[in-house]
2 protein chains.
Amino acid sequence: MAHDRAERALAAIRANGGRITSDRRAIIEALATGSDHPTVEELAERVWKRHPDVNLATIYRTVELLENLGIGFHVHMGHGPSRWHLSDEVHQHLVCSACGAVLDVPDDVLDPLREQIAAATGFVLDAHHFSLTGTCATCSKVA
Amino acid sequence: MAHDRAERALAAIRANGGRITSDRRAIIEALATGSDHPTVEELAERVWKRHPDVNLATIYRTVELLENLGIGFHVHMGHGPSRWHLSDEVHQHLVCSACGAVLDVPDDVLDPLREQIAAATGFVLDAHHFSLTGTCATCSKVA
DNA sequence: TTCCGTGCAAACAATTTGCAATAGA
DNA sequence: TCTATTGCAAATTGTTTGCACGGAA
């Protein structure tokens, strides 16, 4: 499935008139592997295991391309660099400000809030660009 | 009330063993004025109207101090620099990704979501560090 | 007088960009 | 071939830091 995701992303690039290069293939496969949310640096580490010559700027450019095609997204979690993932399903990110753990939750947990805010202000929530912060179950207990 | 807020902030600094300088007074008054969320640069513009000699680094250090005292906060809205405000009441920020408008909403709109998430995952939401993104009423209509 | 606060300039981290060389289609 | 992609190094943006001096308490 990670492989499928990668193939789909490559197909989208091709469909858009883009070229498939070995750099792009390596980057996309690294991003499709695992369901985590790597920073560009972390992604680079992964890519460099097998393709040590891929330039950082290329990774930035590739990930930007994916975002323009609507198949890649970045989220801001805490301070520091943004984190990237391929689409599949939209989800929200709960980030523990104590231990840094990231919990993915389905996007529809926001539906009641969405309706409430839309009714009260007309504002249409589309909140996947920023994470929700708080304290995870484990850290809450410790405190 | 803006003035009260400023005085309270200064009192908190003094109570903490900090010194009251004219730079700090100017910065805090500029931040207390208006209920917007200026970036450090915007805050600097305001301060420089009357005190052109205040250094940027001093502004960074002052807002950091306010944050350490628990009376100042920064939020991330879209890309670019963080935005600062004095406490008063905790609120959420809805940022329109089309026009950049910022809408403040009371923190308790999150209560239902809070309960739902706590029940499902044990995660305790404390989301005021990131804004909620979406499209404001005006921009939603245009689209 | 005693440190705390400040200016200044340099260091920093994350990211973007210009341009010539290279390699997909 | 023809143009998109890449490498490289320099530029940008937002923010932090070290250090010597000057001013609150």
Side-chain angles (χ1 to χ4, degrees), chain A residues 9-31 37-45 47-48 50-69 72-84 129-131, chain B residues 9-31 37-45 47-48 50-69 72-84 129-131:
Chain A
L10 290 167
I13 290 178
R14 196 178 288 116
N16 231 266
R19 292 175 183 174
I20 308 302
T21 65
S22 57
D23 281 12
R24 286 186 173 168
R25 179 165 258 121
I27 294 164
I28 288 169
E29 270 164 13
L31 185 57
H37 309 83
T39 63
V40 166
E41 285 288 346
E42 287 163 357
L43 189 51
E45 299 292 332
V47 170
W48 289 336
R50 295 173 156 285
H51 306 82
D53 296 332
V54 177
N55 192 282
L56 248 198
T58 300
I59 302 189
Y60 275 103
R61 288 193 270 232
T62 300
V63 107
E64 191 192 6
L65 170 66
L66 293 174
E67 182 157 70
N68 290 337
L69 295 178
F73 298 96
H74 74 277
V75 213
H76 301 281
M77 301 185 181
H79 291 167
S82 10
R83 298 183 160 274
W84 293 83
H129 185 213
F130 287 109
S131 48
Chain B
L10 290 166
I13 291 177
R14 196 180 285 116
N16 230 264
R19 293 174 182 174
I20 309 300
T21 66
S22 56
D23 280 13
R24 285 185 175 171
R25 181 166 258 121
I27 294 164
I28 289 169
E29 271 164 12
L31 186 55
H37 311 81
T39 63
V40 166
E41 287 287 345
E42 288 163 356
L43 189 51
E45 299 291 331
V47 170
W48 289 336
R50 295 173 156 286
H51 306 82
D53 296 331
V54 177
N55 192 282
L56 250 197
T58 301
I59 304 189
Y60 275 103
R61 288 192 270 232
T62 301
V63 289
E64 191 191 8
L65 170 67
L66 293 174
E67 183 157 69
N68 289 338
L69 295 177
F73 298 96
H74 75 277
V75 214
H76 302 282
M77 302 184 181
H79 293 166
S82 8
R83 298 181 160 274
W84 293 84
H129 185 216
F130 287 107
S131 47

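Letters A, B, ... mirror the listed sequences (proteins, then strands); counts begin at 1.
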query: Rounded to the nearest 0.5 Å, how far does CG of Leu56(A) lie from CD of Glu41(A)?
result: 5.0 Å
field: Rounded distance in Å - CG (Leu66(B)) to P (dG5(C))
entry: 12 Å
- prompt: Heavy atoms, side chains only, cut-off 4.5 Å: are Leu31(B) and Thr62(B) in contact?
  reply: no
task: Specify the separation, in whole Å, of atom CZ of Arg25(A) and atom C1' of dA23(C).
output: 15 Å
- request: Take atom CH2 of Trp84(B) and atom C1' of dT15(D), then tell me their distance rounded to the nearest Å.
  value: 11 Å
query: Going through the checks in order, is the side chain to side chain contact (heavy atoms under 4.5 Å, CB included) test met by Ile20(B) and Arg25(B)?
result: CA-CA 7 Å; Ile20(B) 309 300; Arg25(B) 181 166 258 121; 3.6 Å; yes
query: How many angstroms lie between atom CZ of Arg61(A) and atom CG of Leu65(A), to the nearest 0.5 angstrom?
result: 11.5 Å
query: Are any of the side-chain heavy atoms of His129(B) and His74(B) separated by less than 4.5 Å?
result: yes
message: So, OP1 or OP2 of dT15(D): does either fall under 4.0 Å of a side-chain N or O from Tyr60(B)?
response: yes
Please write out each protein N/O paired with an N/O of nucleotides 5-7 of chain D under 3.5 Å, distance rounded to 0.1 Å.
{"residue": "dT5(D)", "atom": "OP1", "partner": "Arg19(A)", "partner atom": "N", "Å": "2.9"}
{"residue": "dT5(D)", "atom": "OP1", "partner": "Arg24(A)", "partner atom": "NH1", "Å": "2.5"}
{"residue": "dT5(D)", "atom": "OP1", "partner": "Arg24(A)", "partner atom": "NH2", "Å": "3.2"}
{"residue": "dT5(D)", "atom": "O5'", "partner": "Arg24(A)", "partner atom": "NH2", "Å": "3.3"}
{"residue": "dT6(D)", "atom": "OP1", "partner": "Thr21(A)", "partner atom": "OG1", "Å": "2.7"}
{"residue": "dT6(D)", "atom": "O3'", "partner": "Asp23(A)", "partner atom": "OD2", "Å": "3.4"}
{"residue": "dG7(D)", "atom": "OP1", "partner": "Asp23(A)", "partner atom": "OD2", "Å": "3.4"}
{"residue": "dG7(D)", "atom": "OP1", "partner": "Asp53(A)", "partner atom": "O", "Å": "2.9"}
{"residue": "dG7(D)", "atom": "OP2", "partner": "Asn55(A)", "partner atom": "N", "Å": "3.1"}
{"residue": "dG7(D)", "atom": "OP2", "partner": "Thr58(A)", "partner atom": "OG1", "Å": "2.4"}
{"residue": "dG7(D)", "atom": "N7", "partner": "Arg61(A)", "partner atom": "NH2", "Å": "2.9"}
{"residue": "dG7(D)", "atom": "O6", "partner": "Arg61(A)", "partner atom": "NH2", "Å": "3.4"}

query: Within this structure, what is the CG-to-C1' distance between Asn16(A) and dA4(D), rounded to whole angstrom?
result: 13 Å
message: Going by side-chain contact (heavy atoms from CB on, under 4.5 Å), name the residues that satisfy it together with Glu42(A), two or more places apart in sequence or in a different chain.
response: Pro38(A), Thr39(A), Arg83(A)
field: Atom-to-atom span, NE2 of His51(B) to P of dG7(C) - whole angstrom
entry: 12 Å
query: Whole-Å distance between dA14(C) C1' and Ile59(A) CD1?
result: 14 Å
- prompt: Starting at NE2 of His79(B) and ending at P of dT16(C), how long is that distance when rounded to a whole Å?
  reply: 9 Å
field: Rounded interatomic separation in angstrom, taking CH2 from Trp48(B) and C1' from dG7(C)
entry: 13 Å
- prompt: At under 4.0 Å between heavy atoms, what does Thr39(B) touch on the DNA or RNA strands: base, sugar-phosphate, or nothing?
  reply: nothing
